There are 2 protein chains.
Amino acid sequence: MSDAEQTRQKILAVAAEEIHQHGFQATSLSTILNRCGISKGALYYHFTNKLELGYAVFEENYIPVFLGTWQPALSQNDPIEGLCEFFTSMCNSMVCNEAVCGCPLNNLCEEMANVDEGFRLRILSMQEKLNALIVESLERVQGDLRDNLVFSQVAYFIVATFHGATSLTKSSRNKELFQQVITELCLYIRALKK
Amino acid sequence: MSDAEQTRQKILAVAAEEIHQHGFQATSLSTILNRCGISKGALYYHFTNKLELGYAVFEENYIPVFLGTWQPALSQNDPIEGLCEFFTSMCNSMVCNEAVCGCPLNNLCEEMANVDEGFRLRILSMQEKLNALIVESLERVQGDLRDNLVFSQVAYFIVATFHGATSLTKSSRNKELFQQVITELCLYIRALKK
DNA sequence: CTTGCAACAGACCAATCGGTTTGTTATTGT
DNA sequence: ACAATAACAAACCGATTGGTCTGTTGCAAG
């Protein structure tokens, strides 16, 4: 990796952290510069403005990480159990920082969806992709599931509940609350089976 | 109502709107001043600083409205149907502005819970109150419900899903998505009965 | 009649914001 | 050897932020 590409990646990584912790609008470019040990010239050489930096963080960091965490769970032989194990292990491995900062995608959705159209469309596209993934995996084991299920509806329900759980955790700073919602969610998911 | 109290209420009302639409941090005091047609001196006569204004909005506007919308649903003879009708009517009556701006409480939770402890504790207290309300109403009709239900867990689950649904609606700007999650949530809630 | 305070008005302030511009350095092709 | 460009450094800029300070006005009590 070239020097230039290295600084670009460094910027992306630091910006991703800052945006995750403080939100996009509250993230200060000068903080990023300080943490990276670079100048403003460097940043504006690699990114045309703050918004484009935000988009780059979203596409090059958040999306891959997001898909990388959901995909394996859904490609299990039994996606129902895959999801439940995924959620449960997330409960157990969750460190304080994650609990407090929430899901980067959901954070951006809450903050930027009605502020900037570019963010909104990117978030929407990601959510639709995740929904499609879940629907796919449910269809794959359709035979084991109850009749009359509306897969897309079920998929959105699962994601909504998950994101709601992270929101609850932010205010309570209590892993147990997250765990409770997840436990109930797993009960719901397993009840999808015949 | 005295003149002074009137301006105070005006400030609170306008601030509540601005915070709902743009979040607390992105809300500009000068915007509030302009919309109210008052000076900075007036605002700082009634509130010591921006944070205290935010707290006042939360306690004097958001909390009463929030409780005022959930309470009636839960005090129905049949809280299960009360909740479902509450959610469904919210789907139908939801105008674009509400869909885009989301729930004020959840917004503040996402934005401020890990930024300011004062906000976090107020939000937490409100969430616990709502949870207690739901638990109460479930206990009231305990006889009609399935055994082995953990009421508090169920209550948090319902609220989490509801808030997750509003988040989904923000990015999609699609009432139907909200409706789908709510439909599935009502299925879940009704399935709590024997 | 005047003194005092509640209820503001509005100029002013330092700090910070995102963004621009100019300058410098190291490398590379010719 | 030289010109060109990539990859920055850093001073600078206008706008805006939350917050302060000094006035000013109207009413009410003494």
Side-chain angles (χ1 to χ4, degrees), chain A residues 1-58 60 107-108 111-112 114-119 122, chain B residues 1-58 60 107-108 111-112 114-119 122:
Chain A
M1 188 160 52
S2 70
D3 285 4
E5 185 57 24
Q6 248 178 356
T7 59
R8 199 188 118 92
Q9 291 303 322
K10 183 77 188 287
I11 294 173
L12 281 178
V14 170
E17 267 190 45
E18 288 292 324
I19 294 174
H20 187 196
Q21 285 182 24
H22 309 110
F24 176 75
Q25 301 180 95
T27 286
S28 158
L29 294 185
S30 54
T31 301
I32 296 179
L33 301 183
N34 286 337
R35 284 193 51 188
C36 288
I38 63 173
S39 71
K40 193 159 274 193
L43 195 154
Y44 275 87
Y45 173 78
H46 288 286
F47 304 94
T48 65
N49 52 36
K50 191 188 180 184
L51 209 49
E52 289 299 326
L53 170 61
Y55 294 163
V57 165
F58 187 86
E60 300 180 39
N107 291 357
L108 275 179
E111 182 193 3
M112 298 301 295
N114 63 350
V115 169
D116 176 76
E117 192 70 0
F119 266 122
R122 283 170 172 82
Chain B
M1 190 159 51
S2 71
D3 286 4
E5 185 58 23
Q6 248 178 357
T7 59
R8 200 189 117 93
Q9 291 303 321
K10 183 76 189 289
I11 295 173
L12 281 177
V14 170
E17 268 190 45
E18 288 292 323
I19 294 174
H20 187 197
Q21 284 182 26
H22 309 110
F24 176 76
Q25 299 180 97
T27 285
S28 158
L29 294 185
S30 56
T31 301
I32 296 179
L33 301 184
N34 286 336
R35 283 192 51 189
C36 288
I38 62 172
S39 71
K40 194 159 272 191
L43 195 153
Y44 275 87
Y45 172 79
H46 289 285
F47 305 94
T48 64
N49 52 37
K50 191 188 181 186
L51 209 49
E52 289 299 327
L53 171 60
Y55 294 164
V57 165
F58 186 87
E60 300 180 40
N107 290 357
L108 274 179
E111 182 192 3
M112 299 302 295
N114 63 348
V115 169
D116 175 76
E117 192 70 0
F119 267 122
R122 283 170 173 82

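A quick note: this is a predicted structure, and the numbers were derived from the prediction, not measured. Lettering follows sequence order; numbering is per chain, from 1.
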Please report the distance, rounded to the nearest Å, between [atom1] in [X] and [atom2] in [N].
X: B:K40; N: D:dT16; atom1: NZ; atom2: P; value: 13 Å
X: A:E5; N: D:dA6; atom1: CD; atom2: P; value: 15 Å
X: B:L51; N: D:dT17; atom1: CG; atom2: C1'; value: 15 Å
X: B:L43; N: D:dT20; atom1: CG; atom2: P; value: 12 Å
X: A:R8; N: D:dC8; atom1: CZ; atom2: C1'; value: 16 Å
X: B:N34; N: D:dT16; atom1: CG; atom2: C1'; value: 13 Å
X: B:L33; N: D:dG19; atom1: CG; atom2: C1'; value: 12 Å
X: B:F47; N: C:dC8; atom1: CZ; atom2: P; value: 11 Å

Are side-chain heavy atoms of [X] and [Y] found at a separation under 4.5 Å?
X: B:V115; Y: B:Q25; result: yes
X: A:L53; Y: A:T48; result: no
X: A:F24; Y: A:N107; result: no

Residue pair A:L29/B:S39 against DNA chain C: nearer the 5' end by closest nucleotide is B:S39
Quick one: is [N] close enough that its OP1 or OP2 comes under 4.0 Å of any side-chain N or O from [X]?
X: A:Y44; N: C:dG19; value: yes
X: A:T7; N: D:dC8; value: yes
X: A:S30; N: C:dT16; value: no
X: A:Y45; N: D:dC8; value: no
X: A:H46; N: D:dA6; value: no

Has A:K40 got a side-chain atom pairing as donor or acceptor with A:L29's backbone, closer than 3.5 angstrom?
no
Ignoring hydrogens and geometry beyond distance, is the side chain of A:K50 in donor-acceptor contact with the base of C:dG19 at under 3.5 Å?
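Result: no qualifying N/O pair found.
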As a quick check of understanding, evaluate side chain to side chain contact (heavy atoms under 4.5 Å, CB included) for B:K10 and B:R35, giving each step before the final call.
CA-CA 10 Å; B:K10 183 76 189 289; B:R35 283 192 51 189; over 6 Å; no
Proximal nucleotide (of C:dG19, C:dC8, D:dT17) relative to the B:A42 side chain:
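Closest nucleotide to the B:A42 side chain: C:dC8.
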Determine the contact category for B:T27: base if any of its heavy atoms lies under 4.0 Å from a base atom, sugar-phosphate if only primed atoms, P, OP1 or OP2 are that close, otherwise nothing.
sugar-phosphate
